[in-house]
Amino acid sequence: KTKQWVAVEALCRWTAPNGEKISPCEFIRMAEQLGLIRRLEAWVRKTALTQCVSLGLDKKKFMLNINFSSTQRINDELVTELLQTLAETGFPASKLTLEITESTKMVFDEESVRGLQRLASEGITLSLDDFGTGYSTFENLFQLSVALLKTEKLILDGIEQDNDRQYVMHTLADLAGHLNMQLIVEGVETHAQFELLGNYNINYAQGYLFSRPLSFEQIKEKIGLFGCCL
């Protein structure tokens, strides 16, 4: 509603020594298979948190969203490690959103639920990413300490002329509101899509319409956009 930048999502990109751009779909999967995903995610978290503090974003009305691999277990060791990284970097827990992707690979057992509850109690916001595309979706709504729902881009594709997709989006917005959760719509690429979302109770919109992925140096150049109208 305010048309202001209020958050960024940390993305991992890899350029090979020969200049080739390696897709995250490829190297993230490889990292998971090789047992390196935990080290990679820990590096991404610390780097993103450190960079945001260096830009003063921890002092602004701002949220940082970081993804969490569905192959990782949310146990006490991981939760402690994440909280230690927040303490070391000085980034406030209240400005961090942890995005948990719904997937058949993600097991929300008793230990995981307890870990998520601990993170939420520390002030970290939990977001259920790709909502509506995962397994046991509605059960997850009730057992996890989730404050945000994030839709997958596929729901938006062709929504301008598709009454069924519009109905689904409207329903998701109503569901989030009823559960006292906020809704992020991902994949907004056209002004028509953005205007259509204005008809529903959408809290946040994310997508190429507002910005392509930016490097740290590019973020530094656009730092004045945070808190300013688009």
Rounded to the nearest 0.5 Å, what's the gap from CD1 on Ile202 to OG1 on Thr151? Could you check? 7.5 Å
Step-by-step salt bridge (Lys or Arg N to Asp or Glu O under 4.0 Å) determination, Arg38 to Glu77: CA-CA 11 Å; Arg38 181 165 178 171; Glu77 183 180 359; 3.6 Å; yes
Just checking, is any N or O donor in the side chain of Lys150 or Ser127 under 3.5 Å from an acceptor N or O on the other one? no
Exam field: side chain Thr85 to backbone Glu81, donor-acceptor pair closer than 3.5 Å: yes
Within the 4.5 Å heavy-atom criterion, are Ile37 and Ile28 side-chain neighbours or not? yes
Short side-chain donor-acceptor distance under 3.5 Å, Asp109 and Ser112: yes
Are the side chain of Gln166 and the backbone of Ile159 linked by a donor-acceptor contact shorter than 3.5 Å? yes
For the residue pair Thr190 / Glu160, report whether a side-chain donor-acceptor contact shorter than 3.5 Å exists. yes
More than 12 heavy atoms from other groups under 6.0 Å of NZ on Lys1: yes
Quick one: pull up NZ in Lys95 and CZ in Phe62 and give me the separation to the nearest 0.5 Å. 8.5 Å
Residue pair Val79 / Gly115: nearest heavy atoms and the distance that separates them: CG2-O, 3.8 Å
Under 3.5 Å side-chain donor-acceptor pair for Glu99 and Asn65: yes
Applying side chain to side chain contact (heavy atoms under 4.5 Å, CB included) to Leu197 and Gln193, what does each step give before you reach the verdict? CA-CA 6 Å; Leu197 295 179; Gln193 290 173 341; 5.5 Å; no
Would you name the heavy atoms of Pro24 and Arg13 that are closest together and state the gap between them? CG-NH1, 3.3 Å
Taking Leu128 as the starting point, is it possible to reach Leu98 by hopping between hydrophobic residues whose side chains are less than 4.5 Å apart? yes
